[in-house]
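Single-structure report; data block below.
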Amino acid sequence: MGTIYAIANQKGGVGKTTTAVNVAACIAEAGEPTILVDVDAQANATVGLGVPKDTEPSIYDVLAGRVPASAALVDTAVAGLRLLPANPDLAAANLELPRESGSETRLREALAPLREQAAYILLDCPPSLGPLTINALVAADRVIVPVQTEYFALEGLAGLLETLGLVQRQLNPRLAVAGFLLTMHDGRTRLARDVEREVRQHFPELVFDTVIPRNVRIGEAPSYGRPVIHHDPLCAGSDAYFELAKEVAARG
Ligand code: ADP
Ligand code: MG
């Protein structure tokens, strides 16, 4: 039975997609069958893995019940990693899902059969607490929360924790926080070090030991349609995501 991880934070640009793509790639390279589900209409994870964003069928068709999830999976250049792609059409789901009662469990039901096919299933969430993120949190066993070590980093985390609590109480009691992940960290700046200290004080036990550094190779890899471990396996960014993948697996 595979474990489902949602990568969520309603703030944009904090490293959700980068973390989803690179953790998925590292786990797959380590030999675990892995599926990345792109739950964002921007389709950045899809494109970042070299798959065109007009691919059909997509997660949008799966949520609408037109095809089973297994029929929408595509192979990627990473051995052992398959992708359930997004498509800009998915934006419509934000309007369509709330029209139907009980639609919060749509993704959970659609992904259930995939648990037999992969050890790890990662969900890349959009930058909002809208219906797609709620669907992802209802489907997930664990949530990884990327936090950029910048001013305002903690802003919004209270809202996210409140939403997590609501989902846990009303829809998905299994949901647990796997960890907060400090991303795009520039250890040379005092601000980044201060934010790191503050987040670790606020959430002792919950912050991953691994910190993802700001790294040029991580930033450029998606433009080549590949994870950083294929773009430059020996750079500091690849080291960090390998370490993080080990930590995620060890926390279970
Ligand atoms: P989100 O999915 O939360 O909106 P992304 O993962 O798309 O955030 O990251 C936002 C931008 O920052 C992207 O252009 C990405 O390539 C870049 N980026 C993410 N993590 C790093 C990093 N550790 N070092 C350098 N650039 C990064
Ligand atoms: Mg994203």
Side-chain angles (χ1 to χ4, degrees), residues 5-26 36-51 53 58-59 83-88 90-91 93-94 122-130 132-133 135-137 140 143-150 152-157 159-160 163 179-189 191-193 195-196 199 207-245 247:
Y5 289 80
I7 322 298
N9 184 333
Q10 76 275 30
K11 255 171 97 80
V14 298
K16 288 182 292 297
T17 300
T18 304
T19 296
V21 166
N22 288 299
V23 169
C26 289
L36 176 58
V37 183
D38 192 346
V39 191
D40 186 1
Q42 294 181 77
N44 291 342
T46 299
V47 173
L49 280 172
V51 175
K53 67 173 165 187
S58 73
I59 183 69
L83 171 75
L84 209 170
N87 177 309
L90 180 61
N94 283 309
L122 279 71
L123 315 179
D124 183 30
C125 293
S128 81
L129 293 174
L132 287 170
T133 297
N135 256 271
L137 295 175
V143 54
I144 295 173
V145 183
V147 177
Q148 193 180 351
T149 52
E150 293 282 350
F152 294 137
L154 288 168
E155 202 177 88
L157 281 188
L160 178 65
T163 303
F180 291 90
L181 171 67
L182 299 168
T183 61
M184 289 182 246
H185 186 74
D186 184 350
R188 292 167 309 181
T189 71
L191 174 64
R193 292 196 303 270
V195 172
E196 174 173 9
V199 176
V207 185
F208 286 109
D209 293 337
T210 309
V211 174
I212 308 299
R214 184 170 283 287
N215 176 265
V216 174
R217 299 307 223 179
I218 290 178
E220 59 191 26
S223 65
Y224 295 88
R226 56 196 185 206
V228 68
I229 55 166
H230 279 193
H231 183 55
D232 184 349
L234 300 178
C235 72
S238 293
D239 286 347
Y241 273 112
F242 268 127
E243 280 308 309
L244 175 64
E247 220 188 322

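Just follow the structure's listing: the first ligand is 1, and inside any ligand the first atom is 1.
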Where Tyr5 and Ala140 come nearest, the two heavy atoms and their spacing: C-CB, 4.5 Å

Pairwise distance [atom1]([X]) to [atom2]([Y]) - rounded to 0.5 angstrom:
{"X": "Gln148", "Y": "Leu181", "atom1": "CD", "atom2": "CG", "value": "11.5 Å"}
{"X": "Leu90", "Y": "Asp40", "atom1": "CG", "atom2": "CG", "value": "7.5 Å"}
{"X": "Thr133", "Y": "Ile7", "atom1": "OG1", "atom2": "CD1", "value": "12.0 Å"}

What verdict does the side-chain contact (heavy atoms from CB on, under 4.5 Å) test give for Leu191 and Glu150, after you've listed the backbone C-alpha separation in whole Å, the side-chain angles of each residue and the deciding distance to 0.1 Å? CA-CA 7 Å; Leu191 174 64; Glu150 293 282 350; 4.1 Å; yes

Does the side chain of [Y] come within less than 4.5 Å of [X]'s, by heavy atoms?
{"X": "Pro222", "Y": "Val21", "answer": "no"}
{"X": "Asn135", "Y": "Val39", "answer": "no"}
{"X": "Thr46", "Y": "Leu83", "answer": "yes"}

Find all atoms of ligand 1 within a distance of less than 4.0 Å from any non-hydrogen atom belonging to Gly13, and give their numbers and elements. 1 (P), 3 (O), 4 (O), 8 (O), 10 (C)

Ligand-side contact atoms (ligand 1) for residue partner Val14, heavy atom cut-off under 4.0 Å: 1 (P), 3 (O), 8 (O)

Is Ile212 touching ligand 1 with its side chain, its backbone, both, or neither, if touching means heavy atoms under 4.0 Å apart? side chain

Structural part of Pro213 in contact with ligand 1, heavy atom criterion under 4.0 angstrom: backbone

Residue, atom name and distance, where the atom is the protein heavy atom closest to atom 7 (O) of ligand 1: Thr17 CB, 4.0 Å

Quick one: nearest non-hydrogen protein atom to atom 11 (C) of ligand 1, plus distance? Met184 CE, 4.9 Å

Polar side-chain atom of Glu247 near backbone of Thr210 as donor-acceptor pair, under 3.5 Å: yes

Would you confirm whether Thr183, through its side chain, and Ile212, through its main-chain N or O, come within 3.5 Å as a donor-acceptor pair? no

Does [X], backbone or side chain, put an N or O under 3.5 Å from an N or O of ligand 1?
{"X": "Gly15", "value": "yes"}
{"X": "Asn44", "value": "no"}
{"X": "Arg214", "value": "no"}
{"X": "Asp124", "value": "no"}
{"X": "Thr19", "value": "no"}

Nearest heavy atom to atom 9 (O) of ligand 1: which of Thr18, Asn9, Ile7 does it belong to? Thr18

Would you say [atom] touches the protein, meaning some protein heavy atom is under 4.0 Å from it?
{"atom": "atom 25 (C) of ligand 1", "result": "yes"}
{"atom": "atom 3 (O) of ligand 1", "result": "yes"}
{"atom": "atom 13 (C) of ligand 1", "result": "no"}

So does Thr17 have any N/O/S atom less than 2.8 Å away from the Mg ion (ligand 2)? yes

Does at least one non-hydrogen atom of Gly237 fall below 4.0 angstrom from an atom of ligand 1? no

Lys11 atom NZ, neighbour heavy-atom count above 12 within 6.0 Å: yes

